[in-house]
Undergrad: 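Input: one structure, supplied below.
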Amino acid sequence: MSSELLFAVVGALIFTLGVAGTVLVANLLRRILAFNLMGSGAFLVLVGLAQRGGESDPVPHAMVLTGIVVAVAATALALALLRKQHEMKDSEEELTEIDDG
Amino acid sequence: MVEPVTFVVWLIVLPLAWAVAAFVTGERIGAWLGVVGSAIQTFLVVWMVATWDVAVPVIHRVGGWGAPLGIDLAVDGLALAMLLLTQVVSLPLTIYARSYFSEDASKSRHFWPLAGFLIAGLNALFVSADVFNIYVTLEIVGLSAVSLVAIGGGRAQISAALRYLFATLIGSGAYLLGVALIYGAFGSVSLATLIPLVGSNPPQAFALAGLLMLFGLMLKTALFPFHYWLPPAHGGAAAPVSALLSALVVKASFYLTLRLWTELFASIADDIAWIPALLGAGAILWGSWRAIQAIRIKMLIAYSTVAQLGYLFLVFPLLPGQDAIRATVMQACAHGAAKAAMFAAAGVLIKATGQDTMAGLAGMTGRLPLTLFAFGLAGMTLMGLPPSSGFLAKWQLIEAGMARDLWIIPVVALAGGLLTAVYIFRILSFAFLLSPSSVKIATVPRVQEWTAFALAAGSVLLGLRGVELMALLPGQVP
Amino acid sequence: MMTSGELLPLAVFFSSLIPGVLIFLMPESATRTRTTLNILGAVVKLVLIFILLAGVRAGDEFGVSFAVLEGLELAFKADALGLLFITLSAVLWLLTTLYAIGYLEHSAFRRRFFGFFSLCVTSTMGIAMAANLFTFFVFYELLTLSTFPLVVHRGTQAAMRGGRIYLAYTLTGGTVLLTGIVLVQNLLGHTDFAHGGVLGAFDDSRSTYLKAIFFLLIAGVGVKAAIVPLHGWLPQAMVAPAPVSALLHAVAVVKAGAFGIVRIVYEIYGVEFAQSLGLLTPLAIAASITILWGSLRALSQDDLKRRLAFSTVSQVSYIVLGVALFGPIGTIGGVVHLVHQGLMKITLFFCAGNYAETLGIHKVSEMDGAGRRMPVTTLAFSIAALGMMGAPFTAGAVSKAWLSDGAVAANMGWVVWVLWGSSLLNAGYFLPILWRTWFRCNRSGWHAEHIPVAGWRETALLLLIPPIVTATATIAAGIYANSDLSPLAWARLIASREYVTKIVR
């Protein structure tokens with residue numbers, strides 16, 4: 001197995017784990033972590049596959065950097081929402097969904 | 001003389017600028033900045049449309065850098081139609097929102113910056129020329145949309161925002177993995193470079209990338225059964241936010257689905273064309289059914305969005321025919337204007353009656369006739385009744401289906417129209433009931449009523465002059 | 001620059017649309033301005049129509065079109081057939097507006113009522129002037145939408161139920177009609193109406209397909225024309241106030257359906273082609289069943305308006321029957337009945353409204369002695385009812401004579417029996433009413449009397465004038481049928497133009 005394929009397969013595996021966590025885990029903090037895992041998997045695939053004859057390609061590196069910035073922003077928003085929800089949960093007992101059915 | 005097409009850069013810079021300025025200056029000035037900025041954007045896009053003569057895509061290299069390190073913006077008729085829709089719908093909504101939030105400074109503080117980012121993200125998304133840049137714009141749109149849901153600050157809204165956030169993150173994660181696979185296979189993310197490279201027999205990795213990206217986009221478009229996040233988010237947010245989200249945000253990911261489907265993934269699209277159409281049919285039935293059962297007004301409208309999005313996907317077996325693209329663009333514009341009008345009208349009704357229930361609407365045709373009229377006109381567009389733009393969309397869809405002897409598509413579209421009529425007239429019937437005159441209603445500024453009405457009237461009048469909008473798109477392929 | 005040939009049809013259209021929009025913008029309390037605007041609109045419309053009538057008679061052409069999409073046009077034309085319907089609607093609109101002003105004098109939501117009323121008339125104009133099936137459909141659906149607020153006007157649960165049933169029927173019918181129209185568009189690339197039809201060019205191999213389309217189109221418009229078994233909405237829609245029942249359910253809505261059938265048979269299929277496909281006989285049978293069934297059901301209704309509604313079901317199909325009789329004589333009979341039935345039925349509804357509004361009477365069984373209390377109303381009612389039965393010197397007699405002559409000319413002798421049977425049934429449900437009102441005494445007094453007698457005026461003046469006018473017109477149309485200005489003369493003009501000049505020759 002060539003090294004680029006190895007990177008890609010590992011990346012895909014991490015991505016899958018991340019998706020599973022984001023969908024299945026109930027705890028919101030863990031879901032946020034799982035989402036970050038998912039992003040890292042995608043980045044690994046991007047960097048791993050993008051080698052041309054052993055030489056690294058700078059373009060995907062730039063993309064991954066951008067992707068990391070996006071992921072940081074998303075994580076920050078998720079954490080802010082989570083904190084807000086916790087504050088409200090403290091004051092009131094249970095959380096009901098507004099979906100009316 | 002500046003080429004009007006270069007205005008496209010300003011359509012991205014301007015909302016970013018007023019978003020930042022609104023954040024700095026606070027809600028009062030920020031609101032004005034938003035309204036004026038939207039007006040200028042509308043003016044620019046109308047100018048672009050008016051001077052648009054040939055259906056040849058225009059590439060604009062931002063800063064003169066060019067791909068792969070620079071960012072290219074590509075404008076074609078389809079993108080221009082979406083830019084037009086976005087500005088024309090958001091201008092009345094900003095006017096509406098300025099009045100709507102005027103009593104509640106805590107919410108509008110966040111509304112204006114976020115709305116600016118959202119519109120900038122949407123405009124950038126429509127003209128992005130490479131799949132990675134599309135990812136970035138998708139995230140800008142997604143994150144600002146989620147934040148907009150949360151600005152209400154209520155428990156239910158926070159919870160809806162979180163649910164929405166995870167959905168949109170999974171969608172963009174899948175999309176990003178697809179981008180990685182494509183770059184791995186072809187060494188480029190530029191659509192213009194990729195399309196000739198793909199050829200008729202692409203590698204397995206490309207097909208996988210296509211499935212991942214399309215899945216991600218459908219999740220973001222809330223196509224049944226991935227719609228679970230939409231009703232609480234759209235039904236729970238503040239009225240101007242619901243309007244922006246239902247009218248524009250879901251259209252952005254749909255636009256990408258359509259664009260990638262017909263251009264980049266054309267070689268794999270034929271094999272799976274019936275999947276989106278079947279899901280679309282499912283959306284029409286399920287969304288309508290839930291809307292018929294809804295008790296709250298905004299929840300009804302949100303489920304109506306789920307159903308109406310289904311129409312957009314019905315055309316997929318007919319792609320890449322230009323007649324099908326025209327039908328679906330018309331539907332996107334019709335639904336955009338009508339749904340914005342409907343949420344705006346619902347906002348007025350809820351403020352006036354103080355409750356978000358249909359039973360509270362009794363007697364409102366006498367008290368708030370203009371708003372109810374707006375609601376009715378918007379409903380007419382959603383039902384696809386003439387002479388609205390929704391009717392033109394349905395007409396084109398039926399014609400396109402019949403031209404290929406695919407009868408099931410017209411049948412679903414027509415049945416969906418009847419289901420829509422059931423829930424629209426259910427809500428209108430409540431408003432026509434007599435109410436005791438002792439029921440007090442709060443006064444709502446007239447400007448909110450009129451903006452809702454303008455959007456609704458626009459969705460109907462487009463049905464009388466659909467020819468101009470359709471002229472943006474390429475002609476019939478023989 | 002638009003020519004007068006293009007502007008006139010638009011002006012006819014806008015003469016009710018603009019008042020409608022203005023009425024919505026005015027406050028509820030602006031009663032006087034609203035009334036003035038309504039009457040002004042109706043009068044202007046009549047003047048415009050007279051200009052059009054003179055022009056069309058002289059052979060001028062009036063039409064205008066706008067592209068909605070590439071290859072899809074919103075097109076209007078004012079031809080002889082369309083003008084017949086327009087004139088009828090416009091004249092009755094003026095009368096009904098007067099009537100409604102009196103009828104709704106103290107009720108709420110008058111702005112909404114008159115606003116939608118004007119929109120209904122505008123839709124009717126669009127239906128009459130449509131130059132293709134697409135335009136016809138646009139206004140056909142607009143008529144549905146703009147009548148809904150009128151049907152549910154009273155705002156009660158019963159009104160909502162009536163409104164829901166009305167919509168369920170008409171919107172489903174609209175969907176079926178749309179399917180047929182898109183099929184025609186798909187086949188021809190257009191849906192234009194033209195004398196002698198546009199589908200005749202297809203050979204026998206498509207005949208089953210064409211028959212299927214015909215079925216869809218007729219089923220679609222048949223809902224509004226209240227052809228049995230698609231008539232269920234009409235009696236339910238009687239929850240509406242009397243002026244609505246009068247104009248919309250005796251004239252505009254049901255006539256829109258019947259008018260659609262005329263256009264489809266003559267100007268889409270062409271009557272000869274329809275005959276060669278064997279489509280006319282089934283249509284005649286459906287019309288005959290409707291005529292008899294409607295009359296049978298009317299016999300057992302005690303509610304006056306419901307009895308009239310079933311009578312409408314029956315009478316409108318006379319028009320359909322005339323269309324289905326192959327030959328110009330039957331055509332003339334059917335087309336002229338479009339006008340005659342409108343005059344007679346609106347008289348009956350005006351009178352029913354007067355009984356309800358003046359004496360609080362809604363049922364046939366309460367009508368004993370009403371003729372003595374309200375002689376003028378009852379006289380008008382009697383004239384119209386006798387006209388419906390086909391009594392001599394009334395408009396109804398003219399219709400029935402031409403229809404039965406047409407049936408003989410088309411070798412469909414059985415239709416004559418249907419007509420006779422229907423007349424008998426009409427007598428069966430109208431004569432008892434006349435008997436009660438004129439010859440029986442009211443013993444218990446009028447407990448629910450709202451409007452007292454003032455001199456010769458048995459009720460409010462505005463409620464009295466319209467039925468007097470229409471009842472007079474019913475007799476005039478019968479006696480002066482052979483004059484140049486009668487509806488019959490115009491129907492002959494239509495037959496000579498629209499219909500197959502080859503056969504007349």
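No hydrogens, no waters, no symmetry mates; every other heavy atom, side chains included, goes into these values. Chain identifiers are assigned alphabetically (A, B, ...) following the order of the sequence lines, protein sequences preceding nucleic acid strands; residue numbering begins at 1 within each chain.
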Undergrad: Using non-hydrogen atoms only, which part of B:Leu433 is less than 4.5 Å away from chain C: side chain, backbone, both, or neither?
TA: both

Undergrad: Below 4.5 Å, heavy-atom pairs only: which of C:Thr172, C:Ile181, C:Thr156, C:Leu74 has the largest tally toward chain B?
TA: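 Of C:Thr172, C:Ile181, C:Thr156, C:Leu74, C:Thr172 has the most heavy-atom pairs under 4.5 Å with chain B.
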
Undergrad: Relative to chain C, which segment of B:Leu385 carries a heavy atom at a distance below 4.5 Å: side chain, backbone, both, or neither?
TA: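 When you check distances to chain C, only side chain atoms of B:Leu385 fall under 4.5 Å.
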
Undergrad: So C:Glu70 and B:Met470, do their side chains get closer than 4.5 Å, heavy atoms only?
TA: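 Counting from C-beta outward, B:Met470 and C:Glu70 never come under 4.5 Å.
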
Undergrad: Consider side chain to side chain contact (heavy atoms under 4.5 Å, CB included). Of C:Val182, C:Thr179, C:Val176, which one does B:Leu414 pass it with?
TA: C:Thr179

Undergrad: By a 4.5 Å heavy-atom criterion (distance strictly below it), what part of C:Arg111 contacts chain B: side chain, backbone, both, or neither?
TA: side chain

Undergrad: Give, for atom CE of B:Met383 and atom CG of C:Leu171, the distance between the pair rounded to the nearest 0.5 Å.
TA: 7.0 Å

Undergrad: In terms of heavy-atom proximity below 4.5 Å to chain C, should B:Glu468 be classed as side chain, backbone, both, or neither?
TA: neither

Undergrad: Between B:Arg465 and C:Ala67, is there a donor-acceptor pair closer than 3.5 Å when you use the side chain of the first and the backbone of the second?
TA: yes

Undergrad: I'd like to verify something: which residue of C:Gly163, C:Gly174, C:Pro149 has the highest number of heavy-atom pairs under 4.5 Å with chain B?
TA: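 Highest number of heavy-atom pairs under 4.5 Å: C:Pro149.
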
Undergrad: In terms of ring plane angle, is the pair C:Phe148 and B:Phe425 parallel, tilted or perpendicular, where the classes change at 30° and 60°?
TA: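 Perpendicular.
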
Undergrad: Is the number of heavy atoms from other residues, nucleotides or ligands within 6.0 Å of CZ (C:Phe215) greater than 12?
TA: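 Counting other residues, nucleotides and ligands, CZ of C:Phe215 stays at 12 neighbours or fewer.
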
Undergrad: So what's closer than 4.5 Å to chain C heavy atoms on B:Pro387: side chain, backbone, both or neither?
TA: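 Interface part for B:Pro387: both.
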
Undergrad: Identify the heavy atoms of B:Ile398 and C:Leu178 that sit nearest to each other, and give their distance.
TA: CD1-CD2, 4.2 Å

Undergrad: Answer yes if the side chains of B:Ser429 and C:Arg164 hold a donor-acceptor pair under 3.5 Å, and no otherwise.
TA: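 No.
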
Undergrad: Out of curiosity, B:Leu370 CG to C:Leu25 CG, how far, rounded to the nearest 0.5 Å?
TA: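 One gets 8.5 Å once the value is rounded to the nearest 0.5 Å.
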
Undergrad: In Å, rounded to the nearest 0.5 Å, how long is the span from CH2 of B:Trp395 to CZ of C:Phe137?
TA: 8.5 Å

Undergrad: With respect to chain B, which residue among C:Glu141, C:Met160, C:Glu28 yields the maximal number of heavy-atom pairs within a distance under 4.5 Å?
TA: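 Heavy-atom pair counts peak at C:Met160.
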
Undergrad: Please find out if less than 6.0 Å separates the ring center of C:Phe109 from that of B:Phe432.
TA: no

Undergrad: Need one label for B:Phe430: side chain, backbone, both or neither, based on atoms under 4.5 Å from any heavy atom in chain C.
TA: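 When you check distances to chain C, no heavy atom of B:Phe430 falls under 4.5 Å.
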
Undergrad: For the candidates B:Gln396, B:Lys394, B:Arg426, which exhibits the highest count of non-hydrogen atom pairs separated by less than 4.5 Å from chain C?
TA: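 Of the options given, most contacts go to B:Gln396.
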
Undergrad: Evaluate B:Met330 against C:Leu69 for side-chain contact (heavy atoms from CB on, under 4.5 Å), listing each step before the verdict.
TA: CA-CA 11 Å; B:Met330 185 58 91; C:Leu69 286 175; 4.2 Å; yes

Undergrad: Could you give the distance from CG (C:Leu183) to CE (B:Met402), rounded to the nearest 0.5 Å?
TA: 4.0 Å

